[in-house]
Amino acid sequence: MTMLIASWNINSIRTRLDQLISWLQKVSPDVVLLQETKVLDEAFPREFIEDSGYNIAIHGQKSYNGVAILSKYPLEDVQVGFSGQEDPAQARYLEAVTNQVRVASIYVPNGQEVGHDKYLYKLRFLDNLYHHTNTLLTLNEKIILGGDYNIAPFDQDVYDVKKFQDRILASPVERQALRKLTNAGWIDAAAAYQKAHDLNPETFYTWWDYRQGSWEQNRGLRIDHFLVSPQAADCIDKVGVDAETRGNTRPSDHAPVLLTLA
DNA sequence: ATGGTAGGGATCCTA
């Protein structure tokens with residue numbers, strides 16, 4: 001039995017509810033990890049999503065951030081935020097077990113610009129997350145950490161290396177912070193799949209700026225990732241980006257990332 | 001170096 005897991009920064013679930021519903025019907029993922037829902041829990045549009053056949057776990061706040069997990073299977077052991085999170089009021093982490101796989105929907109802070117207070121907050125968030133994810137590794141479970149990490153790990157994940165070499169989303173210090181977390185024992189599913197099958201890295205971009213026709217010129221970055229435990233990596237069948245969704249009318253600036261577990 | 005676009009919700013903040 002295969003399991004299709006998606007991660008998508010939807011950039012307001014209320015603005016894009018119609019797109020989400022038709023996308024669920026077209027792609028039929030078993031599990032969806034959403035970021036930037038931008039809605040309080042009491043205003044989350046549960047009904048249409050449940051009518052499409054999904055159970056829902058949510059962790060929202062007003063205007064900013066917000067994460068959610070949708071699953072065709074029951075959602076068990078739901079955890080809101082993570083132990084050691086600096087500011088739990090920022091809705092950036094939601095974890096649950098579904099169909100015997102532990103999944104997390106993660107929204108790492110953007111950081112604004114290198115050196116900014118928000119950049120330092122981003123680095124602290126990653127360090128705190130590192131400690132939590134190390135604890136998760138000791139469970140020896142199938143675990144999928146999906147989300148918007150707001151970091152392009154390697155030069156091949158950026159359309160213009162020079163332009164981004166010391167900039168937010170690709171600066172060496174934030175890359176190192178993500179590398180430290182990953183190297184503790186997680187597998188970057190898309191990077192591994194791209195390399196193993198010698199695929200064009202450009203086809204793994206997940207985000208295109210709304211400005212200056214970035215999408216039309218494929219000026220993208222790979223900043224949304226699945227970090228998976230070794231037990232889950234053994235089951236990976238396919239990894240890809242549903243870039244078609246970025247071409248929608250009034251799209252999110254992110255495309256969904258898709259992972260198939262055998 | 002600047003400012004370009006989008007969403008939320010308030011006339012600016014975040015990305």
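The basis for the numbers below is simple: all heavy atoms, side chains too, and nothing from hydrogens, waters or symmetry mates. The chains referred to below are lettered A, B, ... by the order of the sequence lines, with proteins before strands, and numbering in each begins at 1.
- Cation-pi geometry between K180(A) and Y130(A) is met: under 6.0 angstrom from the ring centre, within 45 degrees of the axis.
- The side chain of R250(A) contributes an N or O atom lying less than 4.0 Å from OP1 or OP2 of dG7(B).
- As rounded to whole Å, 8 Å separates atom C1' of dG9(B) from atom OH of Y64(A).
- Linking ILVMFWY side-chain heavy atoms closer than 4.5 Å, directly or via other members, places L4(A) and I144(A) in two distinct hydrophobic clusters.
- R92(A) comes within 4.0 angstrom of the backbone, heavy atoms only, and of no base.
- Centroid-to-centroid, the aromatic rings of F125(A) and F82(A) come within less than 6.0 Å.
- When rounded to the nearest whole Å, the span between CG of L40(A) and P of dG7(B) equals 19 Å.
- Side-chain N/O atoms of R16(A) include one lying less than 4.0 angstrom from OP1 or OP2 on dG7(B).
- Taking the C1' atoms as reference points, dG7(B) lies 15 Å from dT11(B), given to the whole Å.
- Residue S214(A) places no side-chain N or O under 4.0 Å from the OP1 or OP2 atom of dT5(B).
- Ring centroid separation for the pair H116(A) and Y121(A) does not come in under the 6.0 Å cut-off.
- A gap of 22 Å separates the P atoms of dG9(B) and dT5(B), to the nearest Å.
- Sequence order on DNA chain B of the closest nucleotides to K118(A) and Y210(A) puts Y210(A) first from the 5' end.
- Rounding to whole angstrom units, CZ of residue R246(A) and C1' of dA6(B) are separated by 10 Å.
- Closest of all the heavy-atom pairs between N65(A) and A91(A) is CB-O, 3.3 Å.
- Each of S12(A) and D148(A) has a nearest nucleotide on DNA chain B; the 5'-most of these lies closest to S12(A).
- Summarising the geometry, the separation between CD on E36(A) and P on dC13(B) is reported as 18 Å, rounded to the nearest angstrom.
- For N110(A), the side-chain atoms get nearest to dA15(B) when compared with the rest of dG9(B), dA15(B), dA6(B).
- Closest to the S63(A) side chain, of the nucleotides dG7(B), dG3(B), dG8(B), is dG8(B).
- Following rounding to the nearest Å, H116(A) (NE2) and dC13(B) (C1') show an atom-to-atom distance of 11 Å.
- Between dA1(B) and dA15(B), the distance separating the two P atoms is 23 Å to the nearest Å.
- In this structure, D224(A) places its CG atom 13 Å from C1' of dA15(B), rounding to the nearest Å.
- Residue K62(A) has its side chain nearest to dA10(B) when only dT5(B), dG8(B), dA10(B) are considered.
- Salt-bridge annotation for D155(A) and R175(A): present, with a side-chain N of the basic residue lying under 4.0 Å from a carboxylate O of the acidic one.
- In this entry the distance linking CD of E113(A) with P of dA1(B) reads 12 Å, nearest Å.
- Side-chain proximity of Q212(A) to the nucleotides dG8(B), dG3(B), dA6(B) is greatest for dG3(B).
- For the C1' atoms, the distance from dT14(B) to dA10(B) is 14 Å, rounded to whole Å.
- Atom CD of Q112(A) and atom P of dC12(B) are 16 Å apart (whole Å).
- OP1 and OP2 of dT2(B) both lie 4.0 Å or more from every side-chain N or O belonging to R211(A).
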